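These numbers were taken from a predicted model, which means no experiment stands behind them.
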Amino acid sequence: MAVSIDRVYQKVLALANKEQRGYITPQEFNLFADQAQMEIFEQYFYDINQWSRQQGNSHEYSDMLVNLEEKIDKFTVIGHGTNATIINEYGDVNLNDDLPDLYRLGSIRVKYSDNAEYVTAEELRSRKEFYLYQSSKLTKYNIKRPIYHKSAQTSGNTRLKIYPYKVAGGGINGVQVDYIKKPFKPNWAYIVVNNKPLYNTTTTVDFELHASEETELVYRILTLAGVAIEKPQLTQVAAGLQTAQIQQEKQ
């Protein structure tokens, strides 16, 4: 269940307007909404790292690691068939061309011309590691144990190079990619009637985060709005509410 962007917008306006702390336009709100959603989304991965180092509990609804994984699951894309394209004979893949909503990379599986099944490729994180793999007969890559490394291009694309890219009977016949996708960009859509913005449900895009993030979204947007409209009191109030919520979650 997504978070209603209109409900968040109305709460933000109500809190911002209290004691004449300022008005937030729909354009400003949409900018803050996108920023707040991405901040919360990125924080999931840091929180998972933190909670995975602690002992869980047997209560499925209060285990923080389980809850965080549930929040991320809806953004997990499992590759079926071939969802990434080899762009040349050297095993290169431009991920952003095939997966424009890519946020974090998961498993890579490769299918070769003379192999009926996809095989999981192992990532090598450094050129030194690649040379070590290549020089040893025991670890050298093959069609049953392919490898890949990735690099960032000047264009901003993430490129993969898969080994081996040439084998007897042909080469790479398909690539499957599992990944975490970006949340949709939220948008409080409106039409102007009598110089006032009226909510338009037709083209609105709700927050894609878990329903439990509604309060966090309100606090983060208020914090950003307080900076933008130069109302430090608003930022202080929002930051105080957010801190109280975080302390409650971590008790």
Can you check whether [X] reaches [Y] side chain to side chain, under 4.5 Å on heavy atoms?
{"X": "Tyr148", "Y": "Tyr165", "result": "no"}
{"X": "Ile5", "Y": "Asn30", "result": "yes"}
{"X": "Ile180", "Y": "Thr76", "result": "yes"}

- Partner set under salt bridge (Lys or Arg N to Asp or Glu O under 4.0 Å) for Lys166, not counting sequence neighbours: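 Salt bridge (Lys or Arg N to Asp or Glu O under 4.0 Å) list for Lys166, sorted by chain: Glu89.
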- Task: List for me each residue that meets salt bridge (Lys or Arg N to Asp or Glu O under 4.0 Å) alongside Glu39, sequence neighbours excluded, and say none if there are none.
- Result: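 Salt bridge (Lys or Arg N to Asp or Glu O under 4.0 Å) check on Glu39 returns Arg220.
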- Query: Is Lys182 positioned over the aromatic face of Phe184, cation under 6.0 angstrom from the ring centre and no more than 45 degrees off axis?
  - Reply: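 The answer is no; the distance or angle limit is not met.
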- Check: Gln27/Tyr190 side-chain N/O donor and acceptor closer than 3.5 Å: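 Result is yes, a qualifying pair exists.
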Got a list of side-chain donor-acceptor pairs under 3.5 Å for residues 98-106, not counting sequence neighbours?
residue	atom	partner	partner atom	Å
Asp98	OD1	Thr85	OG1	3.2
Asp98	OD2	Thr85	N	2.8
Asp101	OD1	Tyr179	OH	2.9
Tyr103	OH	Glu42	OE1	2.4
Arg104	NH2	Glu42	OE1	3.2
Arg104	NH2	Glu42	OE2	2.6

- Item | Residues Glu214, Lys11: salt bridge by 4.0 Å N-O rule |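 Judged by the 4.0 Å cut-off on N to carboxylate O distance, Glu214 and Lys11 do form a salt bridge.
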- Message: Evaluate Tyr44 against Glu213 for side-chain hydrogen bond (donor to acceptor under 3.5 Å, both in side chains), listing each step before the verdict.
- Response: CA-CA 11 Å; Tyr44 288 161; Glu213 303 294 4; 2.8 Å; yes
- Query: Is the Tyr199 to Tyr9 ring centre distance short of 6.0 Å?
  - Reply: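 No - the distance between ring centres of Tyr199 and Tyr9 does not fall below the 6.0 Å cut-off.
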- Parallel, tilted or perpendicular, as decided by the 30° and 60° cut-offs, for the rings of Phe207 and Phe29: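 The rings of Phe29 and Phe207 stand perpendicular, inter-plane angle above 60°.
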